[in-house]
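As the structure lists them, so they are numbered: ligands from 1, and atoms in each ligand from 1.
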Amino acid sequence: DPLKALLDKHVAQQSATRRGPIESLTLETLKAGLESGAIDVFFQPKVAVPDRKLIGVEALVRWRGEDGKLIPPIAFVPVIEEHGLIDEMTRQVFEKSMVASAAWQKKGLDIKVAVNFSVDSLTRYEVFDLVIAAIAKEGIDPHSVIIEVTESRIMEDVAAPLEILTRLRMKGVGLAIDDYGTGASSMQQLKRIPFTELKIDRAFVDGAPQDEEARAMLESSVSLAKKLGLSTVAEGVETQAEWDLIAELGVDVVQGYFIAKPMPSDELLAWARQNGD
Ligand code: C2E
Ligand code: CA
Ligand code: CA
Ligand code: CA
């Protein structure tokens with residue numbers, strides 16, 4: 001089954017980057033770290049196709065260990081979730097993202113900022129409140145904020161986060177369905193949530209120039225997104241050949257190492273200038 005092969009590849013990619021769960025990340029160190037500034041946020045550019053104009057960034061959490069080394073999210077986010085600390089982590093990531101966004105705006109860089117949320121968090125009203133409060137505090141236009149939720153997690157129970165997602169959307173916040181293609185959602189389920197953006201999982205972009213099945217999946221994702229009126233983002237574009245194919249298929253936005261890797265907020269401005277934005 002070719003689709004299964006692609007999904008296996010997705011799982012393999014995920015575990016290839018898996019270093020943990022890191023043993024030193026106990027409940028105590030996690031709590032202490034959350035209080036002492038261990039949470040760092042990097043930002044990865046998202047550019048329009050075909051002109052490469054910077055239109056936004058995705059905020060990606062990092063854990064700064066005592067030794068100063070950065071630990072990737074795959075090694076600690078699941079542990080944070082298990083210990084019930086995810087709302088606190090998300091609050092910090094979101095607030096840092098809004099602070100960064102306000103700083104960029106001040107320097108004339110008008111871009112959207114997307115932040116990843118665990119579906120669980122989006123069932124709690126405190127989380128809705130903290131999002132609205134952080135947006136207001138930094139004077140950000142809600143239309144330049146996007147919240148990303150992964151397809152597989154949301155489809156486990158579409159109803160649970162529906163109200164908060166709908167309320168956020170009514171405030172103007174954009175909603176992205178992340179890792180699309182790995183969650184087997186139906187059009188009916190997708191339509192229930194007022195998504196604005198569909199992010200095609202890296203597994204389908206990877207090798208698509210050579211791989212018929214991956215290409216077919218890309219094509220059907222783009223056509224589904226068009227039907228639902230969603231903007232499309234291709235993740236994990238690493239080569240010119242992948243970029244060319246994505247452009248040919250009519251994908252709106254690209255995020256991937258071919259354009260830029262995630263970077264600290266203060267490097268983004270220099271990157272944007274160099275990119276001509
Ligand atoms: P994601 O949301 O799918 O984020 C994209 C991931 O793909 C990032 O990994 C990014 O660095 C990586 N990436 C981007 N372009 C390329 C490329 O061209 N090639 C390759 N090989 N990789 C690329 P990262 O930062 O390690 O994040 C991994 C996952 O951790 C994210 O996947 C997301 O699910 C989760 N995550 C990150 N930040 C947060 C957060 O603040 N909250 C929550 N709940 N989850 C987060
Ligand atoms: Ca994401
Ligand atoms: Ca993704
Ligand atoms: Ca690739």
Side-chain angles (χ1 to χ4, degrees), residues 9-21 34 38-47 56-64 70-98 100 112-122 124 127 130-131 134 145-154 161 174-183 195 197-208 221 232-243 246 253-265:
K9 193 158 120 195
H10 170 81
V11 172
Q13 279 178 343
Q14 300 270 321
S15 47
T17 48
R18 193 187 298 269
R19 321 244 194 296
L34 282 172
I39 293 295
D40 212 338
V41 184
F42 275 38
F43 298 91
Q44 186 178 29
K46 292 164 77 178
V47 302
V57 290
E58 178 176 5
L60 295 159
V61 71
R62 303 286 181 262
W63 184 274
R64 198 171 285 279
L70 289 174
I71 301 172
I74 192 81
F76 68 91
V77 172
V79 195
I80 291 230
E81 284 180 331
E82 270 166 40
H83 287 306
L85 300 169
I86 189 65
D87 290 358
E88 173 56 18
M89 185 200 88
T90 303
R91 183 186 67 77
Q92 293 189 22
V93 172
F94 193 79
E95 289 182 3
K96 283 178 194 283
S97 300
M98 292 307 104
K112 297 193 181 202
V113 182
V115 182
N116 294 283
F117 276 64
S118 291
V119 171
D120 274 359
S121 296
L122 296 165
R124 291 185 281 274
V127 174
L130 77 81
V131 165
V145 177
I146 299 174
I147 284 179
E148 299 193 3
V149 286
T150 61
E151 184 195 21
S152 55
R153 293 290 299 281
I154 203 141
L175 304 177
I177 182 151
D178 202 0
D179 298 349
Y180 182 76
T182 64
F195 286 116
E197 179 176 291
L198 183 147
K199 300 189 80 175
I200 303 166
D201 192 77
R202 170 152 77 82
F204 304 105
V205 173
D206 230 25
S221 303
T232 46
V233 181
E235 296 190 299
V237 171
E238 291 176 343
T239 64
Q240 181 75 51
E242 285 169 3
W243 171 278
I246 289 302
V253 174
V254 157
Q255 180 183 344
Y257 295 171
F258 183 62
I259 300 298
K261 289 196 171 180
M263 61 187 87
S265 65

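- Inter-residue side-chain proximity for F117 and F94 is flagged as met; some heavy-atom pair is nearer than 4.5 Å.
- Side-chain contact check for V41 versus S97: some heavy-atom pair is nearer than 4.5 Å.
- In plain terms, the two heavy atoms of S118 and E81 that are nearest each other are OG-OE2, 2.5 Å.
- Distances shorter than 4.0 angstrom occur between a heavy atom of R202 and an atom of ligand 1.
- The shortest distance between side-chain heavy atoms of D206 and E238 falls below 4.5 Å.
- Counting heavy atoms under 4.0 Å from ligand 1, residue I74 does not touch it at all.
- Counting only distance, with no hydrogens or angles, the side chain of T239 and the backbone of E242 share a donor-acceptor pair below 3.5 Å.
- The one candidate from Q44, K46, K112, K199 that meets the side-chain hydrogen bond (donor to acceptor under 3.5 Å, both in side chains) condition with E58 is K199.
- Residue contact annotation: T150 places no N/O/S atom under 3.0 Å from the Ca ion (ligand 2).
- Using a 4.0 Å cut-off between heavy atoms, K199 makes no contact with ligand 1 at all.
- Contact atoms of ligand 1 toward V93: 41 (O) (distance under 4.0 Å to a heavy atom of the residue).
- Less than 4.0 angstrom separates some heavy atom of S118 from each of these atoms of ligand 1: 44 (N).
- Within ligand 1, counting atoms from 1 as listed, the ones closer than 4.0 Å to a heavy atom of G256 are 15 (N), 18 (O).
- Smallest separation of non-hydrogen atoms from E151 and G181: OE1-N, 2.9 Å.
- Side-chain contact between E235 and V205 is absent, with no heavy atoms from C-beta onward closer than 4.5 Å.
- The Ca ion (ligand 2) has E58 among its coordinating residues (N/O/S atom, backbone or side chain, under 3.0 Å).
- Atoms of ligand 1 lying under 4.0 Å from at least one heavy atom of G236, given by number and element, are 16 (C), 17 (C), 18 (O).
- On a distance-only criterion, D178 and ligand 1 share at least one N/O pair closer than 3.5 Å.
- When side chains are defined from C-beta on, V115 does not count as touching V145, because their heavy atoms never get closer than 4.5 Å.
- Taking distance alone, with nitrogen or oxygen atoms compared against 3.5 Å, T150 stays at or beyond that limit from ligand 1.
- Ligand-side atoms of ligand 1 in range of D179: 3 (O), range being under 4.0 angstrom from any heavy atom.
- E148 contributes atom OE1 as its closest N/O/S atom to the Ca ion (ligand 2).
- E235 lies apart from the Ca ion (ligand 2) in this respect, since none of its N, O or S atoms is found at a distance under 3.0 Å.
- Between W63 and F76, the angle of the ring planes lies from 30° to 60°, which puts this pair in the tilted group.
- Here the side chains of F43 and P262 are not in contact, with every heavy-atom distance at 4.5 Å or above.
- Among the atoms of D201, none of the N, O or S atoms falls under 3.0 Å from the Ca ion (ligand 3).
- Using a 4.0 angstrom heavy-atom cutoff, K261 does not count as in contact with ligand 1.
- Taking backbone and side-chain atoms together, D179 has an N/O/S atom less than 3.0 Å away from the Ca ion (ligand 3).
- Which parts of ligand 1 touch E235 is read off a 4.0 Å heavy-atom cut-off, strictly below it: atoms 3 (O).
- Heavy-atom proximity to M89, at under 4.0 Å, picks out these atoms of ligand 1: 40 (C), 41 (O), 42 (N).
- Contact annotation for N116 and ligand 1: heavy atoms of both the backbone and the side chain come within less than 4.0 Å of the ligand.
- If you look at T90 next to ligand 1, there are no close heavy atoms at all, none under 4.0 Å.
- Of all the atoms in ligand 1, the ones that sit under 4.0 Å from a non-hydrogen atom of E58 are 2 (O), 4 (O).
- F258 places none of its side-chain heavy atoms less than 4.5 Å from the side chain of I246.
- Of all heavy-atom pairs between V61 and P73, the closest is O-CD, 3.3 Å.
- You'll find the side chain of N116 reaches within 4.5 Å of the side chain of L60, heavy atoms only.
- Residue-level check: among N/O/S atoms of D178, OD1 sits closest to the Ca ion (ligand 3).
- Contact annotation: E81 has no heavy atom less than 4.0 Å from any atom of ligand 1.
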